[in-house]
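One structure below.
Note on naming: letters A, B, ... go to the chains in the order of the sequence lines (proteins, then strands), and numbering restarts at 1 for each one.
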Number of protein chains: 2
Amino acid sequence: MNLKELATKLGLSPTTVSRALNGYPEVNEATRERVMAAAKRHNYRPNTRAIRLATGRALAVGHVIPLATRHEIVNPIFADFIAGAGETYSRNGYDMILSVVPDEAEEQAYRDLKSRGSADGVILHAPRMNDPRIPLLHEIGLPFVVHGRATGAELPYSWVDVNNRRAFQRATEFLLDLGHARIGLVNGLEFMDFAIRRRTGYVDALAGRAMPIDPALMSSDEMTEISGYRAASAMLDAPAPPTAFLVASMISGMGVRRAIEERGLKLGRDISVIIHDDDLSYMKNGGDVPIFTATRSSVRDAGRIAAEMLLSLIAQPGAGPEHRLLEAELIIGQSTGPAPRSPAPKV
Amino acid sequence: MNLKELATKLGLSPTTVSRALNGYPEVNEATRERVMAAAKRHNYRPNTRAIRLATGRALAVGHVIPLATRHEIVNPIFADFIAGAGETYSRNGYDMILSVVPDEAEEQAYRDLKSRGSADGVILHAPRMNDPRIPLLHEIGLPFVVHGRATGAELPYSWVDVNNRRAFQRATEFLLDLGHARIGLVNGLEFMDFAIRRRTGYVDALAGRAMPIDPALMSSDEMTEISGYRAASAMLDAPAPPTAFLVASMISGMGVRRAIEERGLKLGRDISVIIHDDDLSYMKNGGDVPIFTATRSSVRDAGRIAAEMLLSLIAQPGAGPEHRLLEAELIIGQSTGPAPRSPAPKV
DNA sequence: TTTCGCATCCAAAGCGGTTTGAAATCGATT
DNA sequence: AATCGATTTCAAACCGCTTTGGATGCGAAA
């Protein structure tokens, strides 16, 4: 059942039917109702392909996911972000298209999205410092919203981000207040912007209290269980081990905990841990009392917000860039406690 | 730059240019080369919207993700599957469209995908017993491939699945061989088909050795860290605790481990654990020696295979359903060992 | 020389909607 | 009765590609 058939059946022109369905004013209310009723009765759905061609809009938003060497992005955090964004898209009649491409094809993927007309805009994931994709998207002329920020970018752009610096600064200060003097940082990859900001927060907090900053207590790697385990193990086995850890994610946190417990130490008593908690649905940080003390900010919400921002950007191409800085909550859980009197026992 | 402009520039008709670019035989080789060269030079990309309308194909594959109450599906396993499938799609010039919809809108989502013409086929995720979506998709006439199987489905369908029954049977037998007599099952939700099969494998193995089957040792819940923790905690605190666990996923496995270590027990010595390992990229089960003994099968590969199957199904609509049963490897790691002489000490 | 078949190329008709420009209707105004 | 403006409807062009059904030109066969 298409527009033309429906129009014939109603004894109307396609023009009028189209207008009736799309709420244009120049159609008699009685006619409109007749059309609406017939459309419903015959279960008419306009063909998206035709709409897209006729209007020149894609009615779709793209997410490009580079793969291969750098698979960092296909992670659980990304999945939750997508879930949040996807919700917003389907509520607004937009499709979400995911482009999973090899690393080196990322630029071409964005160009194709534009030139082949399959997306009206994109969300930029995992921004790095001086991210080249920002000038690229400007050049291409594809509206976009960045999830995170890209320090060093000269051109203006819209973004949604968590205040990573402040979150980690607060977390560090919280540990310092508990008397911890040696705090290990188990960070994400530090070419990622958010990781840089987190380290800044950590460093700032230490500097603010005139505490020494020890490179041996700062590690940076992918946010996997294994990486967390390795980083924590190395620091715990070093001559002057930390009494607390600041960890980039729930997942690396699991690895850190494994390293701690494997050494016969008790979490929250011998060693304190604060993680950043993206509030992932299948990886909830505890029920009544959270497992981990954490800086929490829902990445799914961030997805929703970024999607809304992008849709409004697409609707009003003239509008200037928007920004949204989300603050993380500091959630107190079971994994932190006062610093032990003597350094944690070595095994 | 569109077809018509390119044709004018070349002094050819759009027909010929189109044919030249699409490899049709009725065009002079010299002309074809001239066209190809011009296309490249002017950086011509055919407009996908127009192709879709003209050919009646969507050049896209849909994945419907029900949300809300049942958020089980937006999980890390799903993310890796998507990554695998997405790779295949973009290699073949297909788009992947993700439809994140409220639970109750799932049926409509499939209908819309078809009637509005936005997808040529879909992948069906997380099949349940007698899954109603299988007859639905048959009725709609949308080609599909199921990731997993749906016991009880009467209509034929294509699927890609892991031999879950055999994997869990082997794992159980492995534990029995080590002398474990009480093995706890920490399963996924048992309205999901894969979870049913896994339980069957577990039960079959016990029955095969004439071992008692104790309902107190069988739990079923979402595959989250918390659920794993709770299930294992409950069993460990019961009067006759298990000496080994069989666990549905890496993530629940982390929770199980937490429960074990929290009780001062040592993994692989006091309590043995085997998990099912989907070989997730950011949750690798160890380096040289895996953390967990596991039944391993890459869900990303499954995604690739399912996508290929679907694309060939779309290409040859006549072809009968295809099936692909993947076998899981049994990987020996550090989490299993002989059953302790006496039951594990209670705390 | 005419005819035929083949290799090339093209005009035009879709695909299923939207949108422009104009026509038809009708009550109100002159 | 003629004019006017507002309301309502429609025919046709258009979006950018594919594809059908010819044209055209040319060498080989008759």
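- The phosphate of D:dC15 has neither OP1 nor OP2 within less than 4.0 Å of any side-chain N or O from B:N2.
- Taking every side-chain heavy atom of B:N28 into account, C:dC9 is the closest of C:dG17, C:dC9, D:dG16.
- In plain terms, the two heavy atoms of B:S158 and B:P321 that are nearest each other are OG-CA, 3.2 Å.
- Remark: P of C:dG17 and CZ of A:R45 are 13 Å apart, rounded to the nearest angstrom.
- Across the protein-nucleic acid pair, A:R116 atom CZ and D:dC15 atom C1' stand 17 Å apart, rounded to whole Å.
- A straight line from CZ of B:R19 to C1' of C:dC9 spans 8 Å, rounded to a whole angstrom.
- Within the 4.0 Å cut-off from OP1 or OP2 of D:dT19, at least one side-chain nitrogen or oxygen of B:Y24 is found.
- Distance A:E5 CD to C:dG16 C1': 11 Å, rounded to the nearest Å.
- Closest contact between the side chain of B:E26 and the listed nucleotides C:dT8, D:dT9, C:dG16 involves C:dT8.
- As rounded to whole Å, 14 Å separates atom P of D:dT18 from atom NZ of B:K4.
- Applying the 4.0 Å criterion to OP1 and OP2 of D:dC10, one finds that A:T15 has every side-chain N and O outside that range.
- Looking at B:I65 and B:L98, their side chains come closer than 4.5 Å, going by heavy atoms from C-beta outward.
- Under the 4.5 Å side-chain criterion, counting only non-hydrogen atoms from C-beta, A:L67 is in contact with B:R300.
- Contact annotation for B:I51: backbone-only contact, meaning every heavy-atom pair under 4.0 Å involves sugar-phosphate atoms and none involves a base.
- Listed candidates were C:dC9, C:dA11, C:dG16. Nearest to the side chain of B:T16 is C:dC9.
- A 6.0 Å sphere centred on CZ of B:R32 holds more than 12 heavy atoms belonging to other residues, nucleotides or ligands.
- Between B:S13 and the phosphate of C:dA11, there is no side-chain N or O to OP1/OP2 separation shorter than 4.0 Å.
- Rounded to an integer number of Å, the gap from CG of A:N47 to C1' of C:dG16 is 6 Å.
- Regarding B:N22, its CG atom lies at a distance of 8 Å from the P atom of D:dT19, rounded to whole Å.
- Counting any heavy atom pair closer than 4.0 Å across all strands shown, B:T55 reaches sugar-phosphate atoms only and no base atom.
- Of the two residues near DNA chain C, B:A54 and B:P14, the one whose nearest nucleotide lies more 5' is B:P14.
- Side-chain atoms of A:S281 and A:D80 include a donor-acceptor pair closer than 3.5 Å.
- Residue B:R57 contributes atom CZ, which lies 21 Å from atom P of C:dG14 at whole-angstrom precision.
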